[in-house]
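Heavy atoms only: backbone and side chains are in, while hydrogens, waters and symmetry mates are out. Everything quoted here is computed from the prediction, not taken from an experiment.
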Amino acid sequence: MAADEAMDARMRREGVPPMAPDAAVAALAQAVGAGETALTVADIAWDRYASVVAAVRPNPSVAQFVTGAKAVEPVPAGHGTVVTGADVAGAAFARLAGLPRAEQDRELLGLVRTHVAAVLGHGSADAVGAERAFKELGFDSLAAVDLRNRLGAATALRLPATLVYDYPTSAALAAYLRGELAGGDRSADTAQPAATDEDPIAIVAMSCRFPGGVRTPEDLWGLLAQGADAVSPFPADRGWDLDGLYSADPDRPGTSYTREGGFLYDAADFDADFFGISPREALAMDPQQRLLLETSWEAFERAGIDPAVLKGSRAGVFVGTNGQDYLSLVAGDADGLEGHVGTGNAASVVSGRLSYVFGLEGPAITVDTACSSSLVALHLAVQALRQGECTLALAGGVTVMSTPDAFIDFSRQRGLAEDGRIKAFAAAADGTGWGEGVGMLLVERLSDARRNGHPVLAVVRGSAINQDGASNGLTAPNGPSQQRVIRQALASAGLDAADVDAVEAHGTGTRLGDPIEAQALLATYGQERVGGRPLLLGSLKSNIGHTQAAAGVAGVIKMVLAMQHGLLPRTLHVDEPTPHVDWSAGEVELLTEAVEWPRSTRPRRAGVSSFGLSGTNAHTIIEEAPADDADGTAPGTRATDSAPVVPFVVSGKGAAGLRAQAEQLVAWMTRNLHVAIADTAYSLAAGRSAFESRAVLVADTGDREAVIAGLRGLAAGAELPGLVRGTVSEGGLAFLFTGQGSQRLGMGRELYDLHTVFADELDAVCARMDAHLELPLKDVLFGSDAAVLDRTEYTQPALFAVEVALFRLLESYGIRPDFVAGHSVGEIAAAHVAGVLSLDDACVLVAARGR
């Protein structure tokens with residue numbers, strides 16, 4: 001058995017190999033007749049066993065058994081003292097206390113990685129990644145106990161047996177040990193105070209996948225602006241019997257009378273290694289979980305957040321779903337997938353996996369209210385943020401149809417449109433059309449978004465949910481309940497119906513549902529409209545089909561985009577308004593053509609509706625971003641680049657990922673000609689994740705075509721001037737301070753004008769240097785006579801002043817090196833920032849050296 005093989009390897013590695021059967025039986029017979037109360041018999045490889053024991057704590061009693069050259073040296077005889085665990089722990093912390101924080105962290109991380117490597121039998125700690133989970137490294141319960149014992153002996157701390165489960169990586173475990181040794185604050189996290197009415201919830205990022213090849217919100221807007229129809233034939237790669245599946249007879253069991261819908265043809269594509277997931281586990285995972293991982297990552301990065309920094313944060317996850325039919329495909333053929341099928345297809349794990357992969361510790365909730373799921377998820381996320389239960393939240397929904405069951409089931413109910421197209425609120429409406437997709441929003445308090453520098457795309461002004469109750473049938477909608485949920489959402493937002501310009505309707509195209517919804521809208525939004533401005537009504541489902549659990553969030557994304565572009569897209573397939581509604585009962589107008597959405601004295605606002613098959617109704621009111629938060633760079637304009645040359649920093653997980661990132665950048669820069677090159681370069685450097693494979697393109701901000709050509713070269717693997725590639729290796733951060741010859745007249749002038757930290761430090765150094773110089777150092781540095789600066793007596797003080805000021809500026813950003821070194825006068829700068837020399841002493845030494 002595998003477990004026996006692993007145990008055998010562990011025992012041999014630790015110097016206690018399994019006994020030979022004959023010897024073990026003979027020893028057992030002797031032990032039975034020995035009359036000993038406690039007797040242990042083992043076959044011990046003393047040389048190996050001694051080294052293992054010494055790794056935890058030297059044991060002189062073992063040394064006499066060792067015959068090899070590497071025997072453990074005995075402790076010299078003589079007088080000794082009793083050393084308690086508290087003494088050892090105190091000594092361990094005393095060694096750490098004298099070190100800077102970065103050194104403390106490095107020492108403890110090195111200690112943990114060394115012992116992890118010993119437990120696993122690795123020859124070096126280099127084989128142990130600081131952020132790799134112990135489970136991924138090969139830990140089992142015995143290894144966990146072994147590591148606990150080793151670290152307990154090394155630190156004299158009483159450590160729990162669950163240590164590796166509570167702190168599942170070397171980095172997390174080292175941080176825990178530091179807290180224990182230093183007596184850090186162990187107080188429980190407290191929730192944020194509840195939000196006030198003046199602090200609405202902001203949407204700071206959106207990501208999606210929808211039919212028609214839509215992979216981004218920008219793609220979705222392109223589809224909407226063109227009035228494109230994304231409904232298409234059934235996918236051919238899901239194992240569906242396409243010939244046997246179709247029948248024009250709606251009563252024929254096991255068939256569908258439509259052959260089209262809205263599909264994600266690339267739903268099976270997934271880079272499992274990117275998320276640290278094994279190929280077998282990825283195969284057992286519902287594609288819905290895979291899509292949520294991808295879109296959640298994209299939502300974080302679109303907000304300018306490196307997902308890695310959220311690990312351990314109180315960020316929440318709220319995800320809508322309406323079924324997991326993938327289980328029926330893998331449950332019958334689970335050979336090799338055991339242990340992954342359950343978690344890969346459980347509804348609870350739809351949200352839980354996101355929290356696990358990203359290390360989020362806020363609430364994680366999976367919502368299933370059928371087609372209203374994603375709006376209900378957003379409603380719950382908003383509440384959690386307002387109540388201080390989380391600081392940031394993912395909210396969205398997903399549907400992927402792994403089987404054709406939804407088509408078969410609704411064919412029996414005669415609820416599908418024959419051509420698969422939804423004709424919302426139209427006279428020609430003949431049923432719904434199924435689609436699939438995923439949409440994800442990242443939401444946080446508006447005040448937090450502003451403080452954190454996150455883009456504010458829109459705000460959630462109000463939301464509400466309710467139930468149909470005892471309607472005329474389990475799945476039949478209820479008009480009065482829809483009216484109530486709209487009025488509740490308006491009350492939540494503190495608005496009147498006339499304050500809302502448009503509604504993205506549920507609009508499924510059914511002969512029963514659409515008239516009920518339209519009448520509810522006429523009775524609420526259609527009354528007492530100001531200035532004769534009707535409520536404008538549309539449905540995204542006419543473009544992409546009914547994306548079920550993702551339908552509500554799709555509507556939110558559409559309306560946010562419409563606000564940004566000042567245009568309400570048209571609803572497709574409307575021959576004329578349905579005659580089953582008295583449209584004269586209120587001021588509601590179908591968007592049969594695209595309509596400009598101009599700014600007015602108040603913000604643009606839209607309602608979004610979703611009604612679930614379960615009877616749960618949801619309505620959300622979205623408001624455009626406040627003027628102070630709106631993006632001032634409108635399409636068609638171009639910001640001024642602030643520097644002539646900037647670095648384009650690109651990274652990926654491996655060479656293929658790096659090339660793919662470059663390809664995406666080429667496509668993005670080609671489409672977004674209005675975005676300044678410097679802005680793109682800044683976002684790449686400051687707002688993106690940094691992976692192991694990296695490249696830097698030195699870009700001329702005045703030559704867009706040259707930048708795009710350089711990125712194309714990177715994508716193709718070409719060698720180009722100004723393009724540098726490399727791979728990050730493990731190790732610390734080092735700063736090298738240069739010596740004489742690197743001086744330049746005016747160096748640091750712009751930094752002095754822009755950054756107070758730099759200016760204050762430069763002033764402090766110059767003030768001390770001036771006591772030893774004939775001319776004021778700053779006048780020389782920022783003057784016009786390069787010959788004076790090139791005189792050694794001024795060159796070396798000037799370089800020292802700029803280098804120290806640069807160091808302090810980087811330090812203020814949280815960038816602190818593990819090592820410093822210098823050449824020539826740079827040696828003195830390195831010694832000063834390392835704390836070896838005071839600023840006064842360093843200035844005296846530099847001035848003397850220059851003379």
Ion pair present between Glu436 and Arg209, side-chain N to carboxylate O less than 4.0 angstrom?
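Here Glu436 does not pair with Arg209 in a salt bridge, since their nearest N and O are not under 4.0 Å apart.
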Ionic contact status for Asp199 with Arg450, cut-off 4.0 Å:
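Salt bridge flag = no for Asp199 with Arg450.
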Steps toward side-chain contact (heavy atoms from CB on, under 4.5 Å) verdict (Ser328, Thr403)
CA-CA 9 Å; Ser328 64; Thr403 69; 3.7 Å; yes
For [X] versus [Y], what's the shortest heavy-atom pair and its separation?
| X | Y | value |
| --- | --- | --- |
| Leu522 | Asp582 | CD1-O, 3.4 Å |
| Arg602 | Arg533 | NH2-NH2, 4.0 Å |
| Val443 | Ala381 | CG2-CB, 4.4 Å |
| Asn617 | Ser481 | ND2-CB, 3.7 Å |
| Leu535 | Arg529 | N-NE, 3.7 Å |
| Ala464 | Gln488 | CB-CB, 3.5 Å |

If the plane angle is over 60° it's perpendicular, under 30° parallel, otherwise tilted; pick one for Phe275 and Phe270.
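Correct class here is parallel.
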Using the six-membered ring wherever Trp is involved, compare the ring planes of His546 and Trp434 and label them parallel, tilted or perpendicular (cut-offs 30° and 60°).
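Taking Trp434 first and then His546, their aromatic rings sit tilted (interplane angle of 30° to 60°).
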Looking at Glu528, I want to see if its CD is surrounded by more than 12 non-hydrogen atoms of other residues, nucleotides or ligands under 6.0 Å.
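It does not: Glu528 CD has 12 such atoms or fewer within range.
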Gln467, CD: over 12 other non-hydrogen atoms inside 6.0 angstrom:
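Check passes, neighbour count above 12.
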Set out, in order, the CA-CA distance, both residues' side-chain angles and the distance that settles side-chain contact (heavy atoms from CB on, under 4.5 Å) for Ile544 and Leu223, then state yes or no.
CA-CA 9 Å; Ile544 63 174; Leu223 182 144; 4.2 Å; yes
Report yes if the side chains of [X] and [Y] come closer than 4.5 Å at any heavy-atom pair, otherwise no.
| X | Y | value |
| --- | --- | --- |
| Asn452 | Asp448 | yes |
| Asp430 | Lys423 | yes |
| Leu264 | Leu291 | yes |
| Thr578 | Asp514 | no |
| Trp597 | His565 | no |
| Val349 | Tyr356 | no |
| Leu540 | Leu220 | yes |

Could you please spell out the steps behind the side-chain hydrogen bond (donor to acceptor under 3.5 Å, both in side chains) verdict for Asn322 and Gln548?
CA-CA 7 Å; Asn322 68 327; Gln548 304 169 73; 3.1 Å; yes
For Gln288, which of Val398, Asn345, Val438, Leu293 qualifies under side-chain contact (heavy atoms from CB on, under 4.5 Å)?
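The single option meeting the side-chain contact (heavy atoms from CB on, under 4.5 Å) with Gln288 is Val398.
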Checking [X] side chain against [Y] main chain: does a donor-acceptor pair fall under 3.5 Å?
| X | Y | answer |
| --- | --- | --- |
| Thr258 | Glu418 | yes |
| Ser207 | Thr295 | yes |
| Ser610 | Ala618 | no |
| Asp496 | Ala498 | no |
| Ser351 | Val317 | no |
| Gln527 | Ala585 | yes |
| Thr432 | Thr508 | yes |
| Ser471 | Ala476 | yes |
| Arg445 | Leu385 | yes |
| Ser542 | Leu572 | yes |

Could you go through Ile305 and Leu442, starting from their C-alpha distance and side-chain angles, then the distance that decides it, and tell me whether this counts as side-chain contact (heavy atoms from CB on, under 4.5 Å)?
CA-CA 11 Å; Ile305 301 171; Leu442 189 63; 3.9 Å; yes
Return the set of residues passing ring-ring contact (aromatic ring centres under 6.0 Å, His included) with Phe318 (not counting sequence neighbours), or none when no residue passes.
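Testing Phe318 for ring-ring contact (aromatic ring centres under 6.0 Å, His included), a comparison that skips the adjacent residues, returns none.
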Tell me every residue that passes side chain to side chain donor-acceptor pair (under 3.5 Å) with Glu623, counting only those two or more places apart in sequence or in another chain.
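Arg461, Arg605.
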For Leu292 and Leu354, what are the C-alpha separation, side-chain angles and deciding distance, and is it a side-chain contact (heavy atoms from CB on, under 4.5 Å)?
CA-CA 8 Å; Leu292 285 167; Leu354 298 180; 4.0 Å; yes
Distance check, rounded to the nearest 0.5 Å: Asn478 atom CG versus Gln483 atom CD?
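So the CG of Asn478 and the CD of Gln483 are separated by 9.0 Å.
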For a side-chain hydrogen bond (donor to acceptor under 3.5 Å, both in side chains) check, start with the C-alpha distance between Asp306 and Ser689, then their side-chain angles and the critical distance, and finish with the verdict.
CA-CA 5 Å; Asp306 181 350; Ser689 304; 3.2 Å; yes
